[in-house]
2 protein chains.
Amino acid sequence: MSRRSGILEFAVLGLLRESPMHGYELRKRLNTSLGVFRAFSYGTLYPCLKSLVANGWLVEEQGSAPDDAKAASLAGRRAKIVYRLTAEGKEHFEELLAHTGPDAWEDEHFAARFAFFGQTSRDVRMRVLEGRRSRLEERLEKMRASLARSRERERLDSYTLELQRHGMESVEREVRWLNELIESERAGRDRRTGPDQ
Amino acid sequence: MSRRSGILEFAVLGLLRESPMHGYELRKRLNTSLGVFRAFSYGTLYPCLKSLVANGWLVEEQGSAPDDAKAASLAGRRAKIVYRLTAEGKEHFEELLAHTGPDAWEDEHFAARFAFFGQTSRDVRMRVLEGRRSRLEERLEKMRASLARSRERERLDSYTLELQRHGMESVEREVRWLNELIESERAGRDRRTGPDQ
DNA sequence: TTCGTCATGTAATGGGTTACATGATTAC
DNA sequence: GTAATCATGTAACCCATTACATGACGAA
């Protein structure tokens, strides 16, 4: 029941929704295709998979080597364990997709949520995008305040200042990006730009 | 001897080098002035301070309330504990400043290192900046490769693609930033842009 | 036959947060 | 006098990594 990591659980369920996979492959997709998430290690991934199985959200299946037909008959070979999403798992994932709590737009979660926007309803997408934006604007506010404060007091050498400036610009840039996305959602983005399954 | 966190230790020593401080104030500076580092909690900071004291790099001093003169005589009051860098601590910090191992340009460390560039010799600054840049270029390489790979195979919906695109742009932007900084260092940047103590 | 990569797992450890406990000082 | 903020600390927990252990499979 415990021993799960929120974002990893979410990403795993999301990836497996598209198609069944074994752990090793799952990890690669977590790093590369959806390279956005940080690279989880096997020491994290495998236990997580076990716990998802224990929850009834996944089932393990004996997938065999690359060529299924030939090897299917061999009894004792250590086959790959292919994980498949159950109906309950699908349901659970959909619930997670629908959540729009504040943590949905925190740094780590947001990328994962965004990566599965293709499966997410438009109103939820909007809430998450807008939540993230206001989160970043708060942050900007604080940065500006602290910057003003330190300017008064004449602290901060040029490097510290430069670092702060660059940090603020990054955040401002993400806000602009979000603005475009929100605009595009509002304009009715059912005409997708990509193939989308 | 153990129970220290690299970046936190580094930042604490660096901040205390400028002037003695107590824990609470230290934490604020960690978050706001040098807001770049993630916000460490007291549960992390205080034990870290203790261990730095145990190493002989800091000493605790009984600082009293804002006005030192008046309160100095009161015996039993729970005074603020002001931490001051020892000679050994200063030496240790200088060693840390001189390190240019690969981890110096990893995401978390880099910001901390950069924040104390004001205390860092130019050649070390150059190595760190260039190290970071090539680190990011590696990352870009991988991102491009994986993007190309997934394009072939026709995977990835528009959102995943957009996320990836934005991620790459962020990295490219940081590379440009580093280029400017490196250029500026090379051009002989002893004429600082700011007051710098 | 050996090397690289695929593939699955566990135990020890690390590095950090949260929640809690305590109390002083300042502003209203 | 009471609320907010300053200030210090600890214990329990969480999440994830590292190092380790195991072994199959394909290619040189």
Side-chain angles (χ1 to χ4, degrees), chain A residues 1-12 21-32 37-54 58 60-68 70-71 74-83 103 106-109 112, chain B residues 1-12 21-32 37-54 58 60-68 70-71 74-83 103 106-109 112:
Chain A
M1 195 72 80
S2 55
R3 192 65 25 184
R4 281 167 291 103
S5 122
I7 152 164
L8 180 55
E9 169 188 320
F10 177 77
V12 164
M21 263 180 278
H22 57 271
Y24 191 87
E25 191 183 349
L26 209 38
R27 188 191 182 231
K28 278 204 302 190
R29 303 246 357 227
L30 244 32
N31 303 343
T32 59
F37 319 85
R38 47 215 262 236
F40 289 97
S41 65
Y42 298 122
T44 312
L45 178 57
Y46 284 118
C48 171
L49 285 169
K50 292 293 173 196
S51 105
L52 292 176
V53 169
L58 304 184
E60 301 185 350
E61 286 173 350
Q62 298 303 320
S64 345
D67 45 309
D68 297 38
K70 189 170 76 185
L74 276 85
R77 87 189 291 176
R78 165 137 130 164
K80 293 193 264 194
I81 299 175
V82 173
Y83 293 91
D103 42 318
E106 287 310 307
D107 296 309
E108 336 74 48
H109 288 64
Chain B
M1 196 71 81
S2 55
R3 193 63 26 182
R4 281 169 289 105
S5 123
I7 153 165
L8 180 54
E9 170 188 319
F10 177 77
V12 164
M21 261 181 280
H22 56 271
Y24 191 87
E25 192 183 349
L26 210 38
R27 187 191 182 232
K28 278 204 303 189
R29 301 246 359 226
L30 244 33
N31 302 342
T32 58
F37 320 86
R38 48 214 262 236
F40 290 97
S41 66
Y42 298 121
T44 313
L45 178 57
Y46 284 117
C48 170
L49 285 169
K50 291 294 173 194
S51 103
L52 292 177
V53 169
L58 304 182
E60 301 185 349
E61 286 173 349
Q62 298 304 321
S64 344
D67 45 307
D68 297 38
K70 189 170 75 185
L74 275 85
R77 86 189 290 175
R78 164 135 131 167
K80 294 193 265 195
I81 299 176
V82 174
Y83 292 92
D103 43 317
E106 287 310 305
D107 295 311
E108 337 73 48
H109 287 65

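Chain letters run A, B, ... following the sequence lines, proteins first, then strands; residues in each count from 1. Being a predicted model, the structure only gives us computed values, none of them experimental.
A/K50 pairs by the side chain to side chain donor-acceptor pair (under 3.5 Å) definition with A/E60, not counting sequence neighbours. Under the side chain to side chain contact (heavy atoms under 4.5 Å, CB included) criterion, A/Y46 pairs with A/Y24, A/Y42, A/L49, not counting sequence neighbours.
For the pair B/L26 CG and D/dC6 C1', the computed distance is 15 Å after rounding to whole Å. One interatomic measurement links the two molecules: CD of A/E61 to P of C/dT8, which rounds to 14 Å at whole-angstrom precision. In this structure, CD of A/E9 is placed 15 Å from C1' of D/dC14, rounded to the nearest angstrom. Taking atom CG of A/L58 as the reference point, atom P of C/dT8 lies 13 Å away to the nearest angstrom. Summarising the geometry, the separation between CZ on B/F40 and P on D/dT8 is reported as 18 Å, rounded to the nearest angstrom. Remark: C1' of D/dT10 and CG of B/L45 are 14 Å apart, rounded to the nearest angstrom. Taking atom CD of residue A/Q62 and atom C1' of nucleotide D/dA24, one finds them 14 Å apart after rounding to whole Å. The interatomic distance linking B/Y42 (OH) with D/dT5 (P) rounds to 12 Å, in whole Å.
Residue A/G43 is in base contact, counting any heavy-atom pair closer than 4.0 Å across all strands shown.
Between A/F40 atom CZ and A/L26 atom CG the span is 11.0 Å, to the nearest 0.5 Å. The CD1 atom of B/I7 lies 8.0 Å from the CG atom of B/L30; values are rounded to the nearest 0.5 Å. Atom-to-atom distance recorded for A/Q62:CD and A/I81:CD1 is 6.0 Å, nearest 0.5 angstrom.
The phosphate of D/dC15 has neither OP1 nor OP2 within less than 4.0 Å of any side-chain N or O from A/T44. Between D/dA16 and A/S41, no contact under 4.0 Å exists linking OP1 or OP2 to a side-chain N or O. Not one side-chain nitrogen or oxygen of A/K80 sits closer than 4.0 Å to the OP1 or OP2 atom of C/dC6.
Among D/dC6, C/dT8, D/dG9, the nucleotide with an atom closest to any side-chain atom of B/K28 is D/dC6. Here the side chain of B/Y24 is nearest to one of D/dT8, C/dT5, D/dA16, namely D/dT8.
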